[in-house]
Every structure is written in C-alpha cells, then in structure tokens.
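Structure, as structure tokens:
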Amino acid sequence: MRQAGRYLPEYRRVRARAGSFLDLCYTPELAVEVTLQPIRRYAFDAAILFSDILVVPDALGVPVSFIEGRGPVLEPVRRSEDIERLQPARLAEHLDPVYRTVAMLADALPEPVALIGFAGAPWTLAAYVVEGESTRDFAMTRRMARTEPDLFARLIDLLSDATIAHLSAQIEAGAQAVQLFDSWAGILPETEFERWCVLPLKTIARTLHERHPEVPVIVFPRGAGFGYRRFADERSIAALGLDPTVPLEDARRMLGHRCLQGNLDPVALLAGGQAMFDEIDRIVRTLSGTPFVFNLGHGVMPETDPDHVAALVERVREPAASRTRDG
Ligand code: CP3
C-alpha cells in the first residue's frame, strides 16, 4: 500500500521541489529519496518503490496529468483508432528512470529491507484510460467491456503485455517482490470479473513466475469479496492482498493456506488510539498461524498523523517481541 505521500512533511517538501507529481516519479534521485523517507522514519520490513500505476499509460502515449484536488486526468482511449495509437515500443525507454530508481534503491536499502515493485492491473488501468479520470462507477468502461468486448479485449491484452514488460524490468533492476494493484476489481459482476480481472492477473502472474520463480507476485483485487477465492489455488501467486472489507475469519478459513496480506482500514490508522490498537490486535490474532504480512487494506490517507503510523509499527511488533521474551 502507499507508504510515502502527503501525510509526511518531508514528502511534501520534496514534492514541492519536484514540480509535478510525474516529474517526481521520473527523477530517480528524488523518487529514491521519497521511497526511503518512510523506511528511515519507521524501519518497515519492506519498501515500496515510489512511482504510480499510471506511468504505464503515460509511457504508452496517453498523456497523464495529476491535478490537485481532482486526481489523475488522462486523454481518453475509447475507439479502435485510440488503441491503434498506443505505442508499446516506447515503454522501455520512457520508463527507464523508474528502472534506474529501482536499481539505486536496491543498492541503497539496508540488507533486510525488501524492495517491492508494482504495477496496476489491466482492468484498473483500462478503467482510468477509458474514463479519462476517476469516476463514481466507471460506467463507460463497463459499458465498453459489454458492448465491444473484442475491442476491449485488445486494450486489456495490450495493457497485460505492457504490465508484464514493466514488472519484468523492475525485477531485472532489483525488485525482490512485485504487487499488482487491481483497485477497481470490486465493481465487476461475476462473469466480467473472471474475464477482465482474474484471467489477466493469472496470465501476468504465470508469465512472471516462469521467468522469475524466486520473485513473489502479490495480487490485490480490491473489493473482490468472494471473488478472492478465484485466486486461492493459483500457485504463481505468492500472496493475496486483502482490502479492509474482507471478513478475516472467513479469509482464514477459505484462503488461509495461502500467504495473506492486510488489511487494516486506513481510517482506523487516521483515527489512531485504542480503536486502532484493537483493530491491529484483531488482525494479528486472526491471521497469526497462517503465512501473513501485516499491512494496510488500502493506502495511507493524506490527513493521517505520522505518529499514528509509528504507534502502529510498535504495536504490530509488540506481540512477537513478548513471545520471544517468554521463550
Ligand atoms: O507508497 C508509495 O510510496 C508507493 C507509491 C504509490 C503511489 N500510487 C504514489 C502516489 C503507489 C503504490 C500507488 C498506486 C496507485 N496509484 C493506485 C493503486 C492503489 C490504490 O490506491 O488503489 C492507484 C489507483 C493510483 C492512481 C492514482 N495516483 C490516483 C487515483 C491518485 C490521486 C489520488 C489522490 O490522493 O490525490 C494518484 C496520486 C498519487 N500516487 C499520490 C502518491 C503519493 C499523491 C500525489 C501527490 O503527491 O500529489
């Protein structure tokens, strides 16, 4: 989940110096700096590369900008000609600064801190490029998927290939695990979910796993509900990222044979205090005994007090420490 970002004053300072958000993503020295900031502050076990899922459409030739208070804005891709104009051949060169950032991070991070690379899943990327911005229900994208499934499949296939190339390049530059963010998986009805979320994610995971069997692939199909079960027996997927709405007892029963990651509600982190500790303890209690990575269920909110994150880290580490003390 998002580690760096506007909740940290040191991030806001670098961000102001960089100019635009994408300039920050494409300037290796600055992207390295903001990746390391939360590691210095909190000594997390793993660092997530500072970048964005929308660098992939940007590299394909869909101009992307980030507008304060509005989020990302893209030139919409809706017709066959728009898809024709996408340029997969530009990807490697355009994203070279990202791979240089990964290589510099691999050198800079202290030994036990793992470096996680990431990309957006094809469905979520398609949702942004078809709409051209975040919308309430991504209705235009869902309509295109139903009314022009062959055209939409071309877009999804192109984005899948680009995602494989982007994650392979991050792994070759030094990423030790990769995560696929399908942030809008939860808006797909059953049959569409299979076609546009499950199949592309499995294809990407299998290809990466064949090429780099030592690198864990984590998938995060946010809001997928029972749909999480569709990934439960896929061996090329090393871990499942759970969003905050997933009932944990059910997850343990249905998915507990796999490594699970999650799922603290970012609003519990925003609230802090005893309510946050209770939530943390419940998650740790329910999922210890299964392979488990403590994480948020979605990104840190910009209004979050940085001290709450410090308190969270201390709380998560506490039980393990006291277990050791008790022998
Ligand atoms: O934590 C890290 O350091 C990793 C970097 C990271 C960012 N975005 C940086 C970012 C990661 C892993 C992402 C993923 C991402 N980006 C997702 C998937 C996860 C999720 O949140 O569902 C999505 C959907 C995006 C697209 C995106 N990028 C949106 C919708 C926005 C605007 C939202 C907002 O809060 O304004 C962004 C901008 C963005 N990406 C910021 C950061 C730190 C804030 C930009 C800023 O500094 O102004």
Side-chain angles (χ1 to χ4, degrees), residues 1-27 30-42 44 46-58 62 64-74 98 101-102 105 109 113 115-129 131-136 138 141 163 166-167 170 175 177-187 218-224 241-245 261-263 266 269-270 295-304 309:
M1 296 307 137
R2 233 173 259 181
Q3 272 183 356
R6 286 164 292 186
Y7 74 105
L8 291 175
E10 61 267 36
Y11 169 84
R12 292 196 297 268
R13 280 195 291 274
V14 177
R15 169 81 165 77
R17 198 144 56 90
S20 78
F21 173 71
L22 279 180
D23 286 338
L24 178 51
C25 293
Y26 293 142
T27 308
L30 299 183
V32 165
E33 171 58 22
V34 291
T35 304
L36 295 177
Q37 286 171 344
I39 305 302
R40 287 191 203 111
R41 226 188 224 263
Y42 304 114
F44 291 128
I48 185 155
L49 165 71
F50 187 85
S51 181
D52 197 82
I53 65 166
L54 298 178
V55 298
V56 166
D58 190 57
V62 182
V64 178
S65 48
F66 287 83
I67 296 171
E68 205 61 56
R70 189 169 160 206
V73 177
L74 300 82
V98 178
T101 305
V102 172
L105 283 168
L109 283 166
V113 180
L115 176 59
I116 306 173
F118 73 94
W123 163 252
T124 289
L125 293 178
Y128 284 105
V129 303
E131 306 286 329
E133 62 183 325
S134 279
T135 64
R136 197 166 42 84
F138 292 88
T141 315
T163 301
H166 186 43
L167 290 176
Q170 291 179 46
V178 290
Q179 173 152 328
L180 282 154
F181 287 93
D182 215 346
S183 302
W184 298 107
I187 63 175
I218 308 158
V219 302
F220 174 61
R222 183 166 74 102
L242 306 178
D243 69 73
T245 68
Q261 177 177 296
N263 75 341
L269 178 63
L270 178 73
N295 200 348
L296 300 189
H298 204 202
V300 180
M301 297 169 80
E303 306 80 15
T304 303
V309 181

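Positions are given from 1 along the sequence. When a ligand or atom number is given, it counts from 1 through the structure's own listing order. Heavy atoms only: backbone and side chains are in, while hydrogens, waters and symmetry mates are out.
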**Request:** Answer with yes or no after comparing the ring centroid distance for Tyr26 and Phe21 against a 6.0 Å cut-off, counting only values under it.
**Result:** no

**Message:** For Phe50 and Tyr11, take the angle between the two ring planes, folded into 0 to 90°, and tell me which bin it lands in: parallel under 30, tilted 30 to 60, perpendicular over 60.
**Reply:** tilted

**Item:** Salt bridge flag under 4.0 Å for residues Glu33 and Arg40
**Value:** yes

Per-pair distances, ligand 1 N/O vs protein N/O, less than 3.5 Å:
{"residue": "ligand 1", "atom": "1 (O)", "partner": "Gln3", "partner atom": "N", "Å": "2.3"}
{"residue": "ligand 1", "atom": "1 (O)", "partner": "Ala4", "partner atom": "N", "Å": "3.2"}
{"residue": "ligand 1", "atom": "3 (O)", "partner": "Ala4", "partner atom": "N", "Å": "3.3"}
{"residue": "ligand 1", "atom": "8 (N)", "partner": "Arg2", "partner atom": "NE", "Å": "3.4"}
{"residue": "ligand 1", "atom": "8 (N)", "partner": "Asp52", "partner atom": "OD1", "Å": "3.0"}
{"residue": "ligand 1", "atom": "16 (N)", "partner": "Asp52", "partner atom": "OD1", "Å": "2.9"}
{"residue": "ligand 1", "atom": "21 (O)", "partner": "His298", "partner atom": "NE2", "Å": "3.1"}
{"residue": "ligand 1", "atom": "22 (O)", "partner": "Ser183", "partner atom": "OG", "Å": "2.5"}
{"residue": "ligand 1", "atom": "22 (O)", "partner": "His298", "partner atom": "NE2", "Å": "2.7"}
{"residue": "ligand 1", "atom": "28 (N)", "partner": "Asp52", "partner atom": "OD1", "Å": "2.7"}
{"residue": "ligand 1", "atom": "35 (O)", "partner": "Arg6", "partner atom": "NH2", "Å": "2.3"}
{"residue": "ligand 1", "atom": "36 (O)", "partner": "Arg6", "partner atom": "NH1", "Å": "3.4"}
{"residue": "ligand 1", "atom": "36 (O)", "partner": "Arg6", "partner atom": "NH2", "Å": "3.1"}
{"residue": "ligand 1", "atom": "40 (N)", "partner": "Asp52", "partner atom": "OD1", "Å": "2.7"}
{"residue": "ligand 1", "atom": "47 (O)", "partner": "Tyr11", "partner atom": "OH", "Å": "2.5"}
{"residue": "ligand 1", "atom": "47 (O)", "partner": "Arg15", "partner atom": "NE", "Å": "2.9"}
{"residue": "ligand 1", "atom": "48 (O)", "partner": "Arg15", "partner atom": "NE", "Å": "3.2"}
{"residue": "ligand 1", "atom": "48 (O)", "partner": "Arg15", "partner atom": "NH2", "Å": "2.9"}

**Prompt:** Got a second to check how far Leu36's CG is from Glu10's CD, nearest 0.5 Å?
**Reply:** 11.5 Å

**Prompt:** Is the closest basic N to carboxylate O distance between Arg6 and Glu303 below 4.0 Å?
**Reply:** no

**Parallel, tilted or perpendicular: ring planes of Tyr42 versus Tyr7, cut at 30 and 60 degrees** = parallel

